[in-house]
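Written out below as structure tokens is the structure these notes cover.
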Number of protein chains: 2
Amino acid sequence: MKKLEPRDLSRDQCPVMKTISTVGDRWILLILRECFLGFKRFDDFHDNLGVSTSVLSIKLNTMIDRGLLYRKQYRNEGRRSRFEYRLTGMGWDLIKVVIALMEWGNEHLIKKGEPTLDILERGTGQDTKLQLINEEGGRTDWYELKLRVIEK
Amino acid sequence: MKKLEPRDLSRDQCPVMKTISTVGDRWILLILRECFLGFKRFDDFHDNLGVSTSVLSIKLNTMIDRGLLYRKQYRNEGRRSRFEYRLTGMGWDLIKVVIALMEWGNEHLIKKGEPTLDILERGTGQDTKLQLINEEGGRTDWYELKLRVIEK
DNA sequence: TACTTGGGTTCTATTTTAGAACCCAGCCTA
DNA sequence: TAGGCTGGGTTCTAAAATAGAACCCAAGTA
């Protein structure tokens with residue numbers, strides 16, 4: 001049994017590639033950003049993203065089909081019923097991706113002195129940062145990584 | 001001076017949005033994956049990704065223009081000169097994004113028992129995982145987050 | 001019933017991609 | 001030097017996706 005190398009993984013086997021084919025779409029990523037900021041409604045997304053209603057509708061339904069979002073009907077008194085789009089657990093887990101995008105943007109695209117978005121720890125107000133952690137809880141240096149094929 | 005809320009950031013000011021407009025493109029994400037796996041050459045990308053040469057050429061040049069990659073000419077003895085495409089420091093920093101995509105894929109898209117890709121710590125062989133860390137070095141719970149507008 | 005709100009759907013033009021054919025350049029060898 | 005091989009595109013046509021606007025259907029209320 002020949003040992004599999006990372007390069008040998010087919011497109012079907014590579015988690016990165018699989019994820020990209022699920023969410024690696026500009027509009028889906030932007031909608032995820034909206035969801036993490038707390039927006040929920042069709043017109044919020046539409047106004048914020050400047051996307052056509054047809055594309056927005058398709059993308060929202062794609063995200064529902066893929067288990068990232070679910071629709072919940074609600075109604076305010078004296079108003080017609082509406083829908084909000086909420087993250088599933090699976091969709092919520094993409095927060096790591098969104099935060100990674102944010103950190104990279106803050107580091108490389110946002111000028112010093114300009115307002116920008118950041119994630120703080122709720123209880124303490126402390127700034128946070130994504131870090132790779134090993135099994136003992138220690139930090140792993142970004143340059144000390146090894147790719148491997150494993151079986152979960 | 002009215003305090004800015006995260007929701008008030010314009011598209012130009014939001015780091016997530018800015019990053020998405022830089023790299024939130026399926027082909028660019030896939031090319032990044034290739035780069036992180038160590039592939040460097042036009043034909044590697046072409047074979048692995050099943051992308052047309054025209055799109056690949058455009059995307060590679062886009063990534064060069066945006067500072068994610070640079071081209072380096074090289075030549076093996078007895079062969080014609082070729083080009084390899086290497087990550088810049090800026091491009092390397094997107095490793096957080098790629099790892100986040102990988103972790104999500106491993107959690108939600110790869111079946112148990114199937115081979116998949118993982119990141120280990122080089123010196124110890126220990127498994128690693130992305131985690132949010134606060135200023136004191138402690139872990140921040142994924143549900144204890146607060147979005148804020150700051151100035152870097 | 002008419003009107004307002006809300007979430008699309010349809011349509012046309014434009015842009016991007018898919019896939020194949022074609023082309024140009026760098027080297028080496030006969 | 002000519003021809004061949006390798007390497008990285010470029011061009012072209014058809015298909016798919018998007019942009020942007022007009023249009024439409026449904027849920028409520030007055």
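- For the salt bridge (Lys or Arg N to Asp or Glu O under 4.0 Å) condition, the pairs that include at least one residue of residues 92-117 of chain A, sequence neighbours left out, are Lys96(A)-Glu103(B), Glu103(A)-Lys96(B).
- Contact check, Ser81(B) against dC27(C): a side-chain N or O comes under 4.0 Å of OP1 or OP2.
- Cluster partners of Tyr74(B): none. The rule joins Ile, Leu, Val, Met, Phe, Trp and Tyr whenever side-chain heavy atoms lie under 4.5 Å apart, and it links nothing here.
- Atom CZ of Arg75(A) sits in a crowded spot, with more than 12 heavy atoms from other residues, nucleotides or ligands closer than 6.0 Å.
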N/O donor-acceptor pairs under 3.5 Å from side chains in residues 24-33 of chain B, not counting sequence neighbours:
| unit_1 | atom_1 | unit_2 | atom_2 | d |
| --- | --- | --- | --- | --- |
| Asp25(B) | OD1 | Trp27(B) | N | 2.9 |
| Asp25(B) | OD1 | Ile28(B) | N | 3.0 |
| Asp25(B) | OD2 | Lys59(B) | NZ | 2.8 |

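- Side-chain atoms of Val55(B) lie closest to dA18(C) of the nucleotides dA18(C), dA19(D), dG9(D).
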Polar atom pairs between nucleotides 11-17 of chain D and protein, under 3.5 Å, N or O only, would you list them?
none

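- The separation between Phe83(B) atom CZ and dG26(C) atom C1' is 10 Å, rounded to whole Å.
- By the side-chain hydrogen bond (donor to acceptor under 3.5 Å, both in side chains) test, Thr53(A) is found to be paired with no residue, residues two or more places apart in sequence or in another chain being considered.
- Residues passing the ring-ring contact (aromatic ring centres under 6.0 Å, His included) test with Phe36(A) are Trp92(A), sequence neighbours excluded.
- Here Ile110(A) sits alone; no ILVMFWY side chain lies under 4.5 Å from its own, so it joins no hydrophobic cluster.
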Pairwise N/O distances under 3.5 Å, protein to nucleotides 28-30 of chain C:
| unit_1 | atom_1 | unit_2 | atom_2 | d |
| --- | --- | --- | --- | --- |
| dC28(C) | OP1 | Arg75(B) | NH2 | 2.5 |

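- Ranking dG7(D), dA27(D), dA18(C) by closeness to the Arg82(B) side chain, first place goes to dG7(D).
- A rotation axis mapping the C1' atoms of four pairs onto the next four is fitted at both ends of the helix from dT1(C)-dA30(D) to dA30(C)-dT1(D) over five pairs, and the angle between these axes is 10° to 10 degrees.
- Listed by first and then second residue, the salt bridge (Lys or Arg N to Asp or Glu O under 4.0 Å) pairs involving residues 37-57 of chain A are Arg41(A)-Asp43(A), Arg41(A)-Asp44(A), Asp43(A)-Arg82(A) (not counting sequence neighbours).
- Listed by residue number, Phe42(A), Asp43(A) are the residues of residues 35-43 of chain A with a heavy-atom contact under 4.0 Å to DNA chain C.
- A heavy-atom distance below 4.0 Å to DNA chain C is reached by none of the residues of residues 65-74 of chain B.
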